[in-house]
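Structure first, commentary second.
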Amino acid sequence: MKMKIAILTGGGDCPGLNGAVKWVTKSALDPRIAENRSISFEVLGIMQGWKGIIEVDPDDPKSCEKYIKHLDEEVVRSWDRYGGTNLGTSRTNPFNPQNDRSAKLIDNIKKLGIDALVVIGGEDTLGVAYKLHKLGIKTVGIPKTIDNDLTGTEYSLGFDTAVNVIMEEIDRLRTTAGSHGRIFVVETMGRHAGWLALHGGECSGAYIILIPEYPFEMERVCELLRQRHGREINYSIIVVAEAAKPAGGQEFIKDCHVDDFGHESIGGIASYVAAEIQRKTGFESRHIVLSHLQRGGTPSARDRLMARWFGIAAVDMIINEDFGRMVSLSRGEITGVPLKEIINKLKLVDVEKYYDTERYNGRRTIL
Ligand code: F6P
């Protein structure tokens, strides 16, 4: 049997995407599969996520050249070393009720002769994959988001590299914070969940960590700082997730632009927290927004490994005709989960289990 598969990356980029594309390609084109399973694959990369497959004109070679890349072992050989996505990405939503282009999408999938789609994305991109699956398109998903907030999997590509970026930047900030005796408030990404702030803050020894799952009292933040600075420590690092909010308040919205999936751009909380600390305590405070640095750079060892394993598992799923599922990590094992179970839900930080609500930090009891 011959099968044409297409891979796309959607939503925010992150390190690990290229590795996943490489390993889908390499495993699909492994000659032993053709021999042992009587199946031979052709692999296409779709440029710019859902946008590419909607906008391509299958009858126009120039347009195909722009949006469709033929992938083979030689093309993807070194991809796993590099961050970002060589396939490009977009936040295009084919099912946007204001501009529904799903019919064009399905038509193009058929015209291009694509038998199965490998969709690498977060909640929004995989939500589209699930809708397509319900419409009869064969899809498998690979989880990615530095926020690590997808349900059904313990790991999503990009998270580990982002946590390492947070740690490295905080290590750098410490010297200047210490020299000047300042408070530094570091804003991490995390549109809904506090995983990046919590893990980034824990591994870099931040004094206070503020997460969206537990609205904070500004007065308590100041009290904790007064206690610490009373002990002759002259500087502190506070990590705050972009979606964290003061008790009774709202998330800080950066600008009013709303993307195709209806998300606003969040940000600004670190600046607020730093200004409030300075006003209420008199401690000199600065803030820094790590922003897209967290999504940049080369993938960590963990992201390279997970990309490899997820990519291989996605091809296994196709061979086993296990469509409508996402590869996942569960109890340390690579497995699969129905897309249906992961959409419209998020994996948030379990405050009771992982967060110390008195000290605004990770818990000090684990067992
Ligand atoms: O969902 C991933 C994420 O990195 C969020 O943490 C962040 O809020 C958002 O994407 C930023 O998106 P953009 O790249 O469109 O600014």
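Whatever order the structure lists them in is the order used to number ligands and atoms, beginning at 1.
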Part of Arg91 within contact of ligand 1 (heavy atoms, under 4.0 Å): side chain
- prompt: Taking the six-membered ring of Tyr235 as reference, does the NZ or CZ atom of Arg174 fall below 6.0 Å from its centre and within a 45° cone about the axis?
  reply: no
Nearest-neighbour protein heavy atom for [atom], which is reported as residue plus atom name and distance:
| atom | answer |
| --- | --- |
| atom 1 (O) of ligand 1 | Asp147 OD2, 3.3 Å |
| atom 11 (C) of ligand 1 | Arg295 NH1, 3.6 Å |
| atom 9 (C) of ligand 1 | Arg191 NH2, 3.6 Å |

Below 4.0 Å from ligand 1: does a non-hydrogen atom of [X] turn up there or not?
| X | answer |
| --- | --- |
| Gly190 | yes |
| His292 | yes |
| Ile266 | no |

Indicate the ring-plane relationship of [X] and [Y], choosing parallel, tilted or perpendicular according to the 30° and 60° boundaries.
| X | Y | result |
| --- | --- | --- |
| Tyr354 | Trp195 | perpendicular |
| His263 | Phe261 | parallel |
| Tyr360 | Tyr355 | parallel |

query: Among the clusters formed by ILVMFWY side chains lying less than 4.5 Å apart, do Val239 and Phe184 turn up in the same one?
result: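 Yes, because Val239 and Phe184 connect within a single hydrophobic cluster, where side-chain heavy atoms sit under 4.5 Å apart.
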- prompt: Just distances here: any N/O of Thr145 and N/O of ligand 1 closer than 3.5 Å?
  reply: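 N/O-N/O distance under 3.5 Å: no.
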For Glu242, atoms of ligand 1 separated by under 4.0 Å from a heavy atom: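 Near Glu242, meaning under 4.0 Å from one of its heavy atoms, ligand 1 has 5 (C), 6 (O), 7 (C), 8 (O).
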Pairwise distance NZ(Lys22) to CZ(Arg81) - rounded to 0.5 angstrom: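 Reported value, rounded in 0.5 Å steps: 6.5 Å.
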